[in-house]
2 protein chains.
Amino acid sequence: MRDNNEMPGHLARRFQQIAVAVFLAEVGEAGFDLTPVQYAALASIKANPGIDQATLAGLIAYDRTTITGVVDRLVQKNLLVRRASSRDRRARELEITDEGKRTLRAITPAVEEAQRIMLRGLTPKEAAELMRLMRKAIAAGNELSRAPLRETTS
Amino acid sequence: MRDNNEMPGHLARRFQQIAVAVFLAEVGEAGFDLTPVQYAALASIKANPGIDQATLAGLIAYDRTTITGVVDRLVQKNLLVRRASSRDRRARELEITDEGKRTLRAITPAVEEAQRIMLRGLTPKEAAELMRLMRKAIAAGNELSRAPLRETTS
DNA sequence: TACTGATAGTCAGCATACTGAGCAATATCG
DNA sequence: CGATATTGCTCAGTATGCTGACTATCAGTA
């Protein structure tokens with residue numbers, strides 16, 4: 001058996017585990033109750049007002065069944081509104097609320113700090129290289145998960 | 001807002017998402033139904049017969065509340081036995097069954113292949129560097145999650 | 001236009017992961 | 001020895017994420 005430290009899958013799980021913990025700690029200290037997934041969704045909706053759930057899922061590489069619950073909770077918190085699309089009656093258009101915008105602005109410093117903390121063991125050069133290598137591996141494996149990234153907003 | 005591709009937390013989630021999908025696909029093709037977490041637990045128990053759940057959790061950096069369910073399912077599948085410890089009546093000693101050993105042996109090629117596939121976009125040098133950088137970042141952040149790695153078996 | 005296939009969203013079910021609480025047993029220290 | 005703290009495990013509750021199935025709707029085509 002290979003050592004855990006030689007298994008990229010194990011290292012990936014561990015790094016993500018720490019990343020989530022750091023995110024929640026920083027955001028919580030700032031007085032907010034928002035998960036990494038909720039933050040990513042909220043930020044993407046602000047950048048793409050009126051986006052539908054399927055497109056949102058593609059932009060941030062979630063499964064569409066996961067989006068349903070995430071959007072539910074953001075609506076519950078009054079950070080989003082979800083309304084039927086007029087052009088396509090299957091689709092739901094998502095719009096960020098004023099409270100959503102305020103929350104995003106207020107939370108951003110904590111999110112940035114979290115990104116720094118999760119890389120605190122690396123030099124700036126190493127951090128950049130780690131991100132480059134993750135991006136490259138992800139690009140090559142994009143189609144291997146059920147929720148691949150889809151860059152198009154159209 | 002920073003682009004997602006500049007957020008180490010997002011990249012970590014995405015890389016892990018692909019790693020899990022690849023693992024499940026390879027293991028499933030080989031005819032087995034075992035998750036990455038179940039595999040890691042089974043391998044660790046084989047290497048440390050009679051280990052208790054708390055020590056196991058430390059060895060592979062799970063939360064102890066997660067271990068309960070994982071062990072439940074492995075026992076259900078007849079890959080493990082869980083029995084009360086004689087030295088400490090709070091503890092549960094874990095032992096791999098013969099079927100567990102057979103499963104581990106049979107599944108290993110698929111697991112190895114999965115590790116290769118999730119790094120297929122990288123050169124061997126880049127793959128080694130990605131793993132080195134993840135290990136370094138993880139070591140620095142070990143104490144930041146609720147389930148830190150604990151190397152001791154004692 | 002009617003049929004066929006694809007798409008948007010939801011749901012049920014399962015498996016990680018976490019928080020916080022609780023119980024039983026053990027360790028420690030005055 | 002006895003009070004206190006700690007430890008091992010479990011449970012309830014919540015939030016990702018997945019598979020597979022289903023409904024409603026839309027798009028393309030015979």
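Atom set for the values below is all heavy atoms of this structure, side chains included, hydrogens, waters and symmetry mates excluded. The structure displayed is predicted, hence computed values, not measured ones. A, B, ... follow the sequence lines: proteins, then strands. Residue 1 opens every chain.
Atom CD of Q76(A) is separated from atom C1' of dA15(D) by 14 Å (rounded to the nearest Å). Computed from coordinates, the R83(B) CZ to dC9(D) C1' distance equals 17 Å when rounded to whole Å. Atom CZ in F15(A) sits roughly 16 Å away from atom P in dA17(C) (whole-Å rounding). For the pair L56(A) CG and dT10(C) C1', the computed distance is 16 Å after rounding to whole Å. Residue D52(A) contributes atom CG, which lies 13 Å from atom P of dC26(D) at whole-angstrom precision. Atom pair L24(A):CG and dA15(D):P shows a separation of 12 Å (rounding to whole Å applied). Here dT16(C) presents its P atom at 13 Å from CG of D63(B), a figure rounded to the nearest Å. Here the P atom of nucleotide dA15(D) and the CD atom of Q38(A) are 7 Å apart, to the nearest Å.
Side-chain N/O atoms of R73(A) include one lying less than 4.0 angstrom from OP1 or OP2 on dT16(D). An OP1 or OP2 oxygen of dT10(D) is reached within less than 4.0 angstrom by a side-chain nitrogen or oxygen of R82(B). For the OP1/OP2 pair of dT7(C) and a distance below 4.0 Å, the side-chain nitrogens and oxygens of Q53(A) include no atom meeting the criterion. Here T35(A) reaches the OP1 or OP2 of dT16(D): one of its side-chain N or O atoms lies under 4.0 Å away. Taking side-chain N and O atoms only, R89(A) has no distance below 4.0 Å to OP1 or OP2 of dA24(D). Close to dG17(D), at under 4.0 Å from its OP1 or OP2, lies no side-chain N or O of Q16(B). Taking only side-chain nitrogens and oxygens, T68(B) comes nearer than 4.0 Å to OP1 or OP2 of dT10(D). Look at R13(B) and you'll find a side-chain N or O under 4.0 angstrom from OP1 or OP2 of dG17(D).
Among the atoms of the strands shown, base atoms are found under 4.0 Å from some heavy atom of R64(B). In this structure, R146(A) reaches the bases: a heavy-atom distance under 4.0 Å links it to at least one base atom across the strands shown. Heavy atoms of S145(A) sit nowhere under 4.0 angstrom from any nucleic acid atom. Among the protein residues, D88(A) comes within range of the sugar-phosphate backbone only, with heavy atoms under 4.0 Å from sugar or phosphate atoms but none that close to a base.
Between the base of dT7(D) and the side chain of R90(B) there is a donor-acceptor pair shorter than 3.5 Å.
Salt-bridge formation is detected for the pair E126(B)/R132(A): a Lys NZ or Arg NE/NH1/NH2 atom is positioned less than 4.0 Å from an Asp or Glu carboxylate oxygen. In summary, R82(A) and E93(A) do not engage in a salt bridge, as defined by a charged side-chain N under 4.0 Å from a carboxylate O. Taking the charged nitrogens against the carboxylate oxygens, R150(A) and E143(A) do have a contact shorter than 4.0 Å, which makes a salt bridge. Look at D52(B) and R90(B) and you find no salt bridge, because none of the NZ, NE, NH1 or NH2 atoms lies under 4.0 Å from a carboxylate O.
The hydrophobic clustering, which links ILVMFWY residues whose side-chain heavy atoms are closer than 4.5 Å, places F23(B) and V70(B) together.
In this structure, S86(A) and V37(A) both approach DNA chain D, and ranking their closest nucleotides by distance from the 5' end singles out V37(A).
In this structure, of dT16(C), dA8(C), dC18(C), it is dC18(C) that holds the atom nearest to the side chain of T65(B).
For K77(B) (side chain) and D33(B) (main-chain N/O), a donor-acceptor pair under 3.5 Å exists by modelled atom type.
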